[in-house]
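Values reported hereafter were calculated over all heavy atoms of this structure, with side chains retained and with hydrogens, waters and symmetry mates removed. Both counts, for ligands and for their atoms, begin at 1 and track the order of listing.
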Amino acid sequence: MTDNPSACHHCSEANSVRKHGKARSGIQRYYCSVCRKTFQVHYLYQGNEENILQQIKIGLNEGDSRIDISRKLGVELSVIDRHIYMLTMDTMA
Ligand SMILES: [Zn+2]
């Protein structure tokens, strides 16, 4: 689990990428010093949304709070909330 993406999304350079603040949505932005472009990585720690949903479900089942889950997964609380909202919609459907 790392905070850095493996490589630049534009030029694929692996060691040129630095954090570059966060987007309004809470998504981490990155800056590549080789091609001088920025890009965003949505879900750094697992790489796909399905996994987050799974891990949030597990967390909730274990009685974790949203904040606990947010800390455990290293995800913004707003992202957790969005997923929990989606889970709620799922259950009600
Ligand atoms: Zn680049």
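- Taking all atoms of both residues into account, the shortest heavy-atom contact from His9 to Gln40 is CE1-O, 3.7 Å.
- Distance check for Cys32 against the Zn ion (ligand 1): an N/O/S atom falls below 2.8 Å.
- With a cut-off of 2.8 Å, the Zn ion (ligand 1) has no N, O or S atom of His10 in range.
- In this structure, OH in Tyr30 is found 9.0 Å from NZ in Lys22, a value given to the nearest 0.5 Å.
- The shortest side-chain heavy-atom distance between His83 and Leu87 does not fall under the 4.5 Å cut-off.
- To the nearest 10 degrees, the Zn ion (ligand 1) sees SG of Cys35 and SG of Cys11 at an angle of 120°.
- Looking only at distances, a side-chain donor or acceptor of Thr88 sits under 3.5 Å from a matching main-chain atom of Ile84.
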